[in-house]
Amino acid sequence: MATMQTQQTPKTWEDVLRMPDDGNRYEFIGGRLYVTAAPVIRHQRISRRLQAALMRILQDGGRGEVFYAPCLVEFLGTGDRVQPDLLFVAQERREIIGEKQLLGAPDLVVEILSPSTAHRDRGIKLDLYARSGVRQYWIVDPVEDVVDVWRFGDEPGPGHERVSGELAVRLGVERVGRIDLDQVFSRHLDV
C-alpha cells in the first residue's frame with residue numbers, strides 16, 4: 001500500500017527555510033506568515049517596465065542598486081522578512097546588501113497590488129515600512145493606473161501623494177529622473 005506524503009503548511013520562518021521551492025513567495029511580518037502566489041502577466045509587465053526605468057535612472061546613474069522579486073529583506077531586530085516586487089539600496093548604504101538577502105531597510109520599496117495582496121500592501125506593509133527605516137514606499141495600482149508615493153522619516157516632500165502620468169524619481173530633495181506611467185501601465189506588448 002502506497003502512502004502519500006503531504007506538505008504541511010509552514011508556520012515559522014524556519015519551516016519556510018526547510019521547504020523545497022514551491023514557486024510561492026513567503027513573508028513573515030509581526031510573527032505571522034504570509035504566502036503570495038506567482039503574479040499574473042500584467043503584474044509582470046508593470047514590474048519589468050518599472051525595473052527597467054529604475055535601473056536606468058538609479059543603478060546606471062551610479063546611485064545604488066535595484067533588486068526585484070524574489071529578493072528577501074530582513075528588518076533587523078524585528079524578525080520581519082518581506083519580498084517586495086522591487087527595491088533600491090542607495091550607494092552609501094550598500095553595506096546592508098548581504099550574499100543571500102538584504103539586512104536592513106531599503107531606501108525605496110515598490111509593491112504592485114494584486115487582489116490577494118492589496119490589503120496587506122496598503123495596511124501592515126505600509127506600517128512596517130514606515131516604522132522600519134524605509135525612506136520611500138510606492139504602491140502601484142494596476143487597476144487605477146496610479147502610484148501612491150509614501151515618504152517616511154525626514155524624507156522631504158509630502159508624506160503621501162497619488163501620482164498618474166509622470167512620476168518624479170527623487171533621492172532626498174534631488175529629482176534624479178522621471179517615469180512615464182502611461183508607458184508603465186500600457187496594455188500593449190513591449191517592443
Side-chain angles (χ1 to χ4, degrees), residues 27 29-30 43 46-113 117-118 120-142 144-186:
E27 300 179 307
I29 305 169
H43 183 286
I46 290 168
S47 180
R48 182 179 64 243
R49 292 169 182 160
L50 280 172
Q51 176 192 354
L54 289 171
M55 289 184 76
R56 177 180 45 79
I57 294 166
L58 298 172
Q59 188 165 308
D60 295 348
R63 294 177 172 91
E65 195 166 356
V66 175
F67 296 91
Y68 56 91
C71 181
L72 186 63
V73 176
E74 179 179 350
F75 292 99
L76 299 177
T78 68
D80 294 323
R81 293 169 175 90
V82 295
Q83 296 190 55
D85 290 305
L86 297 165
L87 53 95
F88 167 74
V89 177
Q91 187 68 20
E92 61 271 11
R93 298 188 58 251
R94 65 185 177 273
E95 74 278 355
I96 72 168
I97 302 170
E99 190 165 316
K100 295 183 178 183
Q101 64 190 22
L102 297 185
L103 297 167
D107 294 281
L108 168 66
V109 172
V110 179
E111 297 283 10
I112 302 166
L113 297 179
T117 66
R120 184 180 340 144
D121 293 339
R122 288 184 170 136
I124 62 170
K125 281 190 172 181
L126 175 62
D127 178 62
L128 173 66
Y129 298 150
R131 65 182 159 79
S132 297
V134 172
R135 295 175 71 185
Q136 288 186 48
Y137 176 36
W138 297 357
I139 301 174
V140 180
D141 187 333
E144 295 189 26
D145 292 352
V146 297
V147 177
D148 285 295
V149 176
W150 293 88
R151 292 180 183 84
F152 306 121
D154 58 358
E155 187 74 5
H160 172 253
E161 62 182 320
R162 183 164 257 221
V163 181
S164 61
E166 180 179 293
L167 173 60
V169 179
R170 299 182 188 282
L171 290 179
V173 295
E174 181 185 7
R175 180 179 168 156
V176 296
R178 68 168 200 84
I179 297 174
D180 179 351
L181 291 178
D182 292 334
Q183 188 277 326
V184 167
F185 290 117
S186 172

Non-hydrogen atoms of Val110 and Leu54 that approach each other most closely: CG2-CD1, 4.3 Å
Test side-chain contact (heavy atoms from CB on, under 4.5 Å) applied to Tyr68 - qualifying residues, sequence neighbours left out: Gln51, Leu86
Presence of salt bridge, Asp121 and Lys125, under 4.0 angstrom: yes
Candidate pair Asp148 and Trp138, rule side chain to side chain contact (heavy atoms under 4.5 Å, CB included), full reasoning: CA-CA 6 Å; Asp148 285 295; Trp138 297 357; over 6 Å; no
Spacing of CD belonging to Glu65 relative to CZ belonging to Phe88, to within rounding of 0.5 Å: 9.5 Å
Least distance between heavy atoms, Cys71 atom then Pro84 atom: O-CD, 3.8 Å
Ser164: partners by side-chain contact (heavy atoms from CB on, under 4.5 Å), with sequence neighbours left out: Val146
Minimal non-hydrogen separation, Pro106 against Val73, with atom names: CD-CG1, 3.9 Å
Arg49 with Asp180: basic N within carboxylate O range, under 4.0 Å: no
Asp182: salt bridge (charged side-chain N to carboxylate O under 4.0 Å, His left out) partners, not counting sequence neighbours: none
Interatomic distance, Leu108 atom CG to Leu58 atom CG [nearest 0.5 angstrom]: 7.5 Å
Closest approach of Phe75 to Ser132 (non-hydrogen atoms, all atoms of both residues): CD2-CB, 3.5 Å
Trace of the side chain to side chain contact (heavy atoms under 4.5 Å, CB included) decision for Val147 with Ile139: CA-CA 6 Å; Val147 177; Ile139 301 174; over 6 Å; no
For Arg120, side-chain hydrogen bond (donor to acceptor under 3.5 Å, both in side chains) partners two or more places apart: Glu27, Thr36
Flag side-chain contact, heavy atom, 4.5 Å: Val169 against Ile179: yes
Side-chain heavy atoms of Gln136 within contact of Val149, under 4.5 Å: yes
Arg63 vs Val89 side-chain heavy atoms within contact, under 4.5 Å: no
Atom pair CZ (Arg151) and CD (Glu161), whose distance is rounded to the nearest 0.5 Å: 4.5 Å
Stepwise side chain to side chain contact (heavy atoms under 4.5 Å, CB included) check, Arg48 with His43: CA-CA 9 Å; Arg48 182 179 64 243; His43 183 286; over 6 Å; no
Counterpart residues, side-chain contact (heavy atoms from CB on, under 4.5 Å), relative to Glu166 (two or more places apart): Arg175, Arg178
Distance-minimising heavy-atom pair for Ala118 and Leu113: CA-CD2, 3.7 Å
Arg131 (side chain) donor-acceptor with Tyr129 (main chain) under 3.5 angstrom: no
Arg93 side-chain N/O to Ala90 backbone N/O, donor-acceptor pair under 3.5 Å: no
Partners meeting side-chain contact (heavy atoms from CB on, under 4.5 Å) with Asp145 (sequence neighbours left out): Arg42, Phe185
Intermediate values then yes/no, side chain to side chain contact (heavy atoms under 4.5 Å, CB included), His160 and Leu126: CA-CA 11 Å; His160 172 253; Leu126 175 62; over 6 Å; no
CG-CD1 distance between Asp85 and Ile112, expressed to the nearest 0.5 angstrom: 4.5 Å
Rounded distance (nearest 0.5 Å) linking atom CD of Glu111 with atom CG of Leu87: 9.0 Å
Gap separating the CG atom of Leu128 from the CG atom of Asp80, nearest 0.5 angstrom: 5.0 Å
Gln83 side chain vs Leu72 backbone, donor-acceptor pair below 3.5 Å: no
Closest non-hydrogen atom pair between Phe152 and Val134, with its separation: CD1-O, 3.2 Å
